[in-house]
Amino acid sequence: MGPFNLMTQLERRAQVLAILQQDNLSEWARGFWGQVFDTIAMDEGRYNARVVTLYKDIKRKQGWISYE
């Protein structure tokens, strides 16, 4: 995940919307991709909160340089 970029998020939503517009999706797939579409972060605060949630519990490997 890189820094927040609204255009990237809009492109992601467009790609998911294209999937949702297919006629051959099962009910499960439509529900899954609908949830993905609804949860794509469209503002920097929500995006950054998601990044923190995803990476907060990851332990750094020994021998790696930390700049904190």
Side-chain angles (χ1 to χ4, degrees):
M1 295 181 86
F4 177 76
N5 182 310
L6 182 58
M7 289 306 298
T8 300
Q9 297 303 87
L10 289 170
E11 290 170 4
R12 288 177 177 155
R13 279 187 79 139
Q15 291 170 349
V16 173
L17 183 59
I19 293 170
L20 286 169
Q21 291 174 334
Q22 295 177 9
D23 294 336
N24 61 349
L25 290 180
S26 68
E27 186 176 327
W28 177 88
R30 190 165 305 285
F32 174 82
W33 288 109
Q35 183 176 357
V36 169
F37 183 85
D38 291 340
T39 58
I40 292 174
M42 296 307 292
D43 64 74
E44 189 169 5
R46 185 172 174 189
Y47 180 87
N48 289 338
R50 181 161 300 145
V51 171
V52 169
T53 300
L54 285 172
Y55 292 104
K56 69 180 179 178
D57 295 328
I58 294 177
K59 305 278 190 239
R60 287 196 169 89
K61 293 181 180 180
Q62 293 293 335
W64 286 68
I65 297 172
S66 175
Y67 297 100
E68 293 180 357

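These numbers were taken from a predicted model, which means no experiment stands behind them.
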Distance-only criterion, 3.5 Å: show the donor-acceptor pairs between side-chain atoms of residues 5-21 and protein atoms not counting sequence neighbours.
| from | atom 1 | to | atom 2 | distance (Å) |
| --- | --- | --- | --- | --- |
| N5 | OD1 | M7 | N | 2.9 |
| N5 | OD1 | T8 | N | 3.1 |
| Q9 | OE1 | R12 | NH1 | 2.4 |
| Q9 | NE2 | A41 | O | 2.8 |

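Around CG of N24, the count of heavy atoms belonging to other residues, nucleotides or ligands within 6.0 Å exceeds 12. Counting heavy-atom neighbours within 6.0 Å of Q22 CD, excluding the residue itself, gives a total above 12.
For the atom pair CZ (F37) and CZ (F32), the distance works out to 14.5 Å, reported to the nearest 0.5 Å. One finds the CD atom of Q35 at 8.0 Å from the CG atom of D38 (value rounded to the nearest 0.5 Å).
When the side chains of ILVMFWY residues are joined at heavy-atom separations under 4.5 Å, either directly or via intervening members, V52 and Y55 end up in two distinct hydrophobic clusters.
Scanning for ring pair (Phe, Tyr, Trp, His ring centres under 6.0 Å) contacts around F4 gives Y47, with sequence neighbours left out.
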